[in-house]
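This report concerns only the one structure given below.
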Amino acid sequence: MEAMGIDIGGSGIKGASVDITTGELTSERHRIETPEESTPDAVVHVVKQVIDFHQWHGPVGVTVPGVVIDGTVYSAANIDKGWIGYDARTALQDELGEHVAVLNDADAAGIAEVRYGAARGRSGVCLILTFGTGIGSAIINDGVLVPNSELGHLEFHGMDAEQYAAGRLVKRDTGDIGWWIERVNELLLHIDRILNPKTIVFGGGISKRFDDIAPHLTARAEIVQAELLNNAGIVGAAMAAGEGSIT
Ligand code: BGC
């Protein structure tokens with residue numbers, strides 16, 4: 001079965017169709033810049049453009065970088081504050097005329113990594129962390145998602161953890177990241193204390209440098225590199241829409 005997955009990020013809105021029985025993309029990814037003023041109306045308009053580009057008819061899953069409960073968004077750390085209290089599911093269904101599922105971006109990455117990636121077959125508590133513009137988190141226990149965890153907003157050194165250790169603070173390709181890894185270690189130690197995950201999947205754009213980072217990580221949990229990288233959000237969104245697990 002196929003579904004369309006759309007990932008709303010701080011810099012781009014990306015979409016592709018996905019075969020949710022294999023996790024493979026069945027079309028090219030189409031990306032449009034996130035509007036500078038990322039208001040709900042402006043973003044919904046871009047989502048429609050992505051759907052039209054693909055001439056898609058069928059279920060659509062959409063990720064949002066915020067808390068999502070029953071299709072309504074309840075937080076907006078890195079997007080326009082107009083998203084808070086916005087019924088994204090109804091608005092998108094009205095605009096697209098299709099069945100739409102809306103979920104948190106890190107949760108989407110989490111369910112995709114569990115089904116097709118680094119968290120596949122792992123028992124116990126597995127934590128997916130995405131280090132990007134913010135820090136996203138997904139808590140999975142024995143393959144089942146506990147939605148809307150927000151570990152990037154743990155208070156840490158008097159600020160949000162994501163202000164202290166987000167991936168955006170360092171370059172993805174080159175440059176010294178030793179100081180940043182120290183910060184990540186502090187955060188992982190803190191998370192170990194309160195959540196005690198068995199496995200941590202290390203994701204987000206900076207995870208491309210996992211081979212440089214991994215030898216310096218000191219958490220007790222086993223830490224593995226995310227596998228789906230850029231496509232995790234798209235694949236998880238498509239799963240949520242196609243399977244009706246998240247509406
Ligand atoms: C948001 C999360 C999101 C993460 C990654 C945080 O600022 O609160 O909901 O998953 O950024 O985009």
Side-chain angles (χ1 to χ4, degrees), residues 7 9-11 63 65-67 75 77-78 104-114 117-233 236:
D7 192 14
S11 59
T63 75
V67 170
S75 73
N78 297 306
N104 172 264
D105 56 0
D107 284 349
I111 59 175
E113 290 290 346
V114 165
R120 189 172 27 189
R122 288 182 179 268
S123 64
V125 175
C126 177
L127 176 65
I128 286 85
L129 291 175
T130 61
F131 292 90
T133 309
I135 296 178
S137 59
I139 300 174
I140 311 272
N141 184 35
D142 284 341
V144 177
L145 173 72
V146 179
N148 290 309
S149 65
E150 285 284 341
L151 300 187
H153 296 285
L154 282 172
E155 192 182 321
F156 212 61
H157 295 295
M159 62 184 105
D160 276 10
E162 70 178 20
Q163 290 175 284
Y164 189 67
R168 76 177 148 76
L169 299 173
V170 281
K171 296 213 183 80
R172 284 180 189 198
D173 304 305
T174 51
D176 172 39
I177 44 173
W179 62 273
W180 178 78
I181 297 173
E182 297 282 295
R183 290 184 176 199
V184 171
N185 275 335
E186 278 181 66
L187 179 61
L188 296 183
L189 181 68
H190 191 58
I191 290 174
D192 257 351
R193 278 200 197 109
I194 51 183
L195 207 60
N196 292 292
K198 190 164 149 187
T199 314
I200 296 176
V201 177
F202 197 96
I206 190 71
S207 67
K208 281 203 297 189
R209 296 183 70 179
F210 189 73
D211 288 346
D212 298 336
I213 298 169
H216 307 289
L217 294 174
T218 53
R220 182 203 41 76
E222 183 186 355
I223 306 182
V224 295
Q225 183 177 22
E227 284 176 16
L228 299 176
L229 300 175
N230 281 342
N231 291 337

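Counting begins at 1 with the first residue of the sequence. None of these values were measured; they are calculated from a predicted model.
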Any sub-3.5 Å donor-acceptor pair from Arg183's side-chain atoms to Ala165's backbone N or O?
no

Between Asp142 and Gly124, is there a donor-acceptor pair closer than 3.5 Å when you use the side chain of the first and the backbone of the second?
yes

Where do Ile213 and Ile206 come nearest, in terms of heavy atoms and distance?
CD1-O, 3.8 Å

For the residue pair Ile135 and Leu154, establish whether any side-chain heavy-atom pair is separated by less than 4.5 Å.
no

Is it true that a side-chain atom of Glu162 and a backbone atom of Thr133 form a donor plus acceptor pair closer than 3.5 Å?
no

Thr63 and Asp105: which non-hydrogen atoms are nearest, and at how many Å?
CB-CA, 3.7 Å

Report, as yes or no, whether the 6.0 Å neighbourhood of atom CZ on Arg172 holds more than 12 heavy atoms from other residues, nucleotides or ligands.
no

So do the side chains of Asn196 and Arg220 get within less than 4.5 Å of each other, counting heavy atoms only?
yes

The ring pair (Phe, Tyr, Trp, His ring centres under 6.0 Å) partner of Tyr164 among Phe156, Phe131, Trp179 is Phe156

Nearest heavy-atom pair of Ala138 and Gly110: which atoms, and what distance?
CB-CA, 4.0 Å

Spell out, as yes or no, whether a donor-acceptor pair under 3.5 Å connects the side chain of Arg209 to the backbone of Lys171.
yes

Less than 4.5 Å apart, any side-chain heavy atom of Ile200 and any of Leu217?
no

Verify, without hydrogens or angle tests, whether Asn185 (side chain) and His216 (backbone) share a donor-acceptor contact under 3.5 angstrom.
yes

Any donor-acceptor pair under 3.5 Å from Asn104 side chain to Asn148 backbone
no

Name the orientation class of the two ring planes belonging to Trp180 and Phe202 (parallel below 30°, tilted from 30 to 60°, perpendicular beyond 60°).
perpendicular

Identify the heavy atoms of Ala226 and Glu113 that sit nearest to each other, and give their distance.
CB-OE2, 3.4 Å

Donor-acceptor pair, Ser137 side chain versus Ser149 backbone, under 3.5 Å?
yes

